[in-house]
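Heads up, the thing below is written out as structure tokens.
Throughout, protein chains are lettered first and strands after them, A, B, ... in sequence-line order, and every chain is numbered starting at 1.
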Amino acid sequence: MEVISINNIENYEGKEVEIRGWLYNKRSSGSIKFLIIRDGTGFIQATLIKSEMEKEAFEKIDGLEYESSIKVRGLVKRENRAPRGFEILVRNIEIVHQAWEDYPLSLKEHGTGFLMNYRHLWLRSPRQNAILRIRAEIVKAIRDFLDQNGFILIDAPILTPSACEGTTTLFETNYFGDKAYLTQSGQLYNEAAAMAFGKVYCFGPTFRAEKSKTRRHLMEFWMVEPEAAYLELEESNEIQEKLVAYLVEQVLKNKPIELDLLERDKARLQLITPPFPRLSYDEAIEILKANGSKIEWGDDFGGEDETILSNKYEKPVFIHRYPLKCKAFYMKPDPQRPEVALCADLLAPEGYGEIIGGGQRIDDYNLLAEKIEEHHLSRENYEWYLDLRKYGSVPHSGFGLGIERTVAWVCGLNHIRETIPFPRMLNKIYP
RNA sequence: UCCUCGGUAGCUCAAUGGUGGAGCAUCCGGCUGUUAACCGGAGGGUUGCAGGUUCGAGCCCUGCCCGAGGAGCCA
């Protein structure tokens, strides 16, 4: 008898199969019993009919607790009355492990705070399963896109000797008696890699010790950061819009069942095709002022400002050429207008806000040295970074795409915390 | 760090200052097509903690703890 996965059960209609999984739910009507089995790839109804099986096998499951692990053997039937259009007519069930009777999660009515304490069990639910499968698809799409477009994976270190950008708070750790910090960006190392390999990206976790407590923030999150030599701002933007459109396309193509389960409006995602609109910071300020925002030229956008801007478009929108003082020290000033940076952020639609931040980097040695001093950064820590401007400096650009925010947008979630298996949130690190 | 809201059964929530309830979950019983099944019955409580006001506090007051949302900052 063949052991099969629930997600391709339709290929086995009329065949005897075995499913290895867990008991998700059960319903009984006396002489007919329904079990909902999950195996990690999907959920399927298993039906037991008293008159069609041995008494012992029929009664075996009476005391079976939720989440008990079981092997179910039976006939795959097309059945309109079953949730997925298919069910298994059970011949026999083998109980692998009888779960304890106090499984804490019931099938309805839990608050997120409670569920987060049981995140290790919550992952078993259909909704969490769908979200994390979409996350995996997005990660795969990003890697495929970059690999197919000549980028090579060159990962940056997690433990770093100093701040990459200096501004945000870092997690400090002890490195054999010296201070070290968990990375908040692979950016600077990427620039070194880009001068060695041309087009590179790093993909990994990053850490911010900011005491942020909002639906858009995690202490630990994942970022993909491409960086390329001889790449100028607008060329970088073009890569970004193609990348974002591609990952949306791949999710639509490969994860339609998961999107439906999340009740995501797929029509909104189908609109995500290049080119994306481009708005200068100056234009954005005018729009915000016209909408009643108190923002002034030189301010960075707040969450509400981003929402106003992104709601104006069906596609993600680039906001480019921010005031230099809003941005990191390595951002290259626009030669036409030195008060603004050659940079662009990408705001996702439907109020999801910033998913990409990127820009062109300073390639002149003297200017970069000045900026390092201006930002009170330790020159000693950045000698290697300055070297990149001494030996074959070229115009170069890159960007960072936040995985969790992207997943939240594609899935249509109102909070980022469900987009990562075990979110690290303010004052909360269990489980 | 600041602002707002909240904390009552395992969970989600009710309860004019006057005997703390419901749905789900659990246990028992019933049901041959259930769809977070349904129907009947039972058990389940130091109302976050510590004080205070009152004849009487889940409810009013003070302090603390914890949680949620938001601000700042950012992806």
Considering only heavy side-chain atoms of A:E210, the closest of B:rC74, B:rC73, B:rG33 is B:rC73

P-based separation of B:rU47 from B:rG40 [nearest Å]:
31 Å

Only Watson-Crick and G-U wobble pairs, only distances under 3.5 Å, only runs of 3 or more: what stems does that leave for RNA chain B?
B:1-7 with B:65-71, B:10-13 with B:21-24, B:26-30 with B:38-42, B:48-52 with B:60-64

Looking at A:E172, I'd like to know if its CD atom is crowded, meaning that more than 12 non-hydrogen atoms belonging to other residues, nucleotides or ligands lie closer than 6.0 Å.
yes

Can you establish whether the number of heavy atoms outside A:K179 located under 6.0 Å from its atom NZ is more than 12?
no

5' priority, RNA chain B, between A:G111 and A:R27 [closest heavy atom]:
A:G111

Distance between C1' atoms of B:rG58 and B:rG17 (Å, rounded)
11 Å

Phosphate OP1/OP2 of B:rA71: any A:K213 side-chain N/O under 4.0 Å:
no

Under 5.5 Å between ring centres and under 30° between planes: true for A:F34 and the base of B:rG33?
no

Sticking with atom P, work out how far B:rU16 lies from B:rA75, rounded to a whole angstrom.
48 Å

In A:Y24, A:W22, A:F86, the residue satisfying ring-ring contact (aromatic ring centres under 6.0 Å, His included) with A:F43 is A:Y24

Residues within residues 69-83 of chain A bordering RNA chain B, heavy-atom distance below 4.0 Å
A:K77, A:E79, A:R81, A:A82, A:P83

Take atom NZ in A:K428; do more than 12 heavy atoms of anything else shown fall under 6.0 Å from it?
yes

Hey, does the side chain of A:K211 come within less than 4.0 Å of B:rU1's phosphate (OP1/OP2), counting only N and O?
yes

Tell me which nucleotide among B:rG67, B:rG33, B:rA75 gets nearest to the side chain of A:I32.
B:rG33

Nucleotide of B:rG67, B:rU32, B:rC74 approaching A:I49 most closely (side-chain heavy atoms):
B:rU32

What is the nucleic acid contact for A:Y66, judged by heavy atoms within less than 4.0 Å: base, sugar-phosphate only, or nothing?
sugar-phosphate

With hydrogens left out and only the distance checked, is there a donor-acceptor pair under 3.5 Å joining A:H217's side chain and the base of B:rC74?
yes

Centre-to-centre under 6.0 Å for A:Y322 and A:F301, is that the case here?
yes

Output yes when A:E404 and A:R135 qualify as a salt bridge under the 4.0 Å nitrogen-oxygen rule, no when they do not.
yes

Go through the structure and list residues passing salt bridge (charged side-chain N to carboxylate O under 4.0 Å, His left out) with A:R216, not counting sequence neighbours.
A:E306

Taking only the P atom of each, what is the distance from B:rG29 to B:rU34 in whole angstrom?
23 Å

Where the side chain of A:S29 is defined as all heavy atoms beyond and including C-beta, which of B:rA75, B:rU1, B:rG33 is the nearest nucleotide?
B:rG33

Salt bridge present between A:R278 and A:E234 (N-O < 4.0 angstrom):
yes

Which whole number of Å gives the distance between the P atom of B:rG21 and that of B:rU46?
15 Å

Is A:F221 touching bases, backbone alone, or none of the nucleic acid, heavy atoms closer than 4.0 Å?
base

Has the side chain of A:R405 got a donor or acceptor atom sitting under 3.5 Å from an opposite partner on the base of B:rC74?
yes

So what does A:E404 touch, heavy atoms closer than 4.0 Å: a base, only the sugar-phosphate, or nothing?
nothing

Under a 4.0 Å N-O cut-off, is there an ion pair linking A:D300 with A:K325?
no

Only counting residues at least two apart or in another chain, list the ones meeting salt bridge (charged side-chain N to carboxylate O under 4.0 Å, His left out) with A:E59.
A:K55

Under 4.0 Å between a side-chain N or O of A:H415 and OP1 or OP2 of B:rA68?
no

Would you tell me whether A:Q98 and A:S68 have side-chain atoms, one donor and one acceptor, within less than 3.5 Å of each other?
yes

Partner set under salt bridge (charged side-chain N to carboxylate O under 4.0 Å, His left out) for A:E137, not counting sequence neighbours
A:K255

In whole angstrom, give me the gap between the C1' atoms of B:rG72 and B:rG18.
47 Å

How far, in whole Å, is B:rC49 from B:rA9 if one measures between their P atoms?
11 Å

Is A:D260 paired with A:R264 through a side-chain N to carboxylate O contact shorter than 4.0 Å?
no

How far, in whole Å, is B:rA57 from B:rG51 if one measures between their C1' atoms?
14 Å

Measure distances between side-chain N and O atoms of A:E101 and base N and O atoms of B:rU26, and say whether any donor-acceptor pair falls under 3.5 Å.
no

Hey, is the side chain of A:S31 poking within less than 4.0 Å of OP1 or OP2 on B:rU32, counting only N and O atoms?
yes

Quick one: which of B:rG69, B:rG33, B:rC11 gets closest to the side chain of A:E87?
B:rG33

Determine, step by step, whether A:N311 and A:Y352 satisfy the side chain to side chain donor-acceptor pair (under 3.5 Å) criterion, reporting the C-alpha distance in whole Å, the side-chain angles of both residues, the deciding distance to 0.1 Å, and the verdict.
CA-CA 9 Å; A:N311 275 336; A:Y352 278 93; over 6 Å; no

Base, sugar-phosphate or nothing for A:R417? Non-hydrogen atoms, less than 4.0 Å.
sugar-phosphate

Using a heavy-atom cut-off of 4.0 Å across all strands, would you classify A:S51 as base, sugar-phosphate, or nothing?
base

Mind checking if A:D300 touches a base, just sugar-phosphate, or nothing, with heavy atoms under 4.0 Å?
sugar-phosphate

Pick base, sugar-phosphate or nothing for A:E306, based on heavy-atom distances below 4.0 Å to the nucleic acid.
base

Quick check: on RNA chain B, is the nucleotide nearest A:S28 upstream (toward 5') of the one nearest A:S212, or the reverse? Name the residue that is more 5'.
A:S28

What residues 141-151 of chain A contributes to the RNA chain B interface at heavy-atom separation below 4.0 Å is none

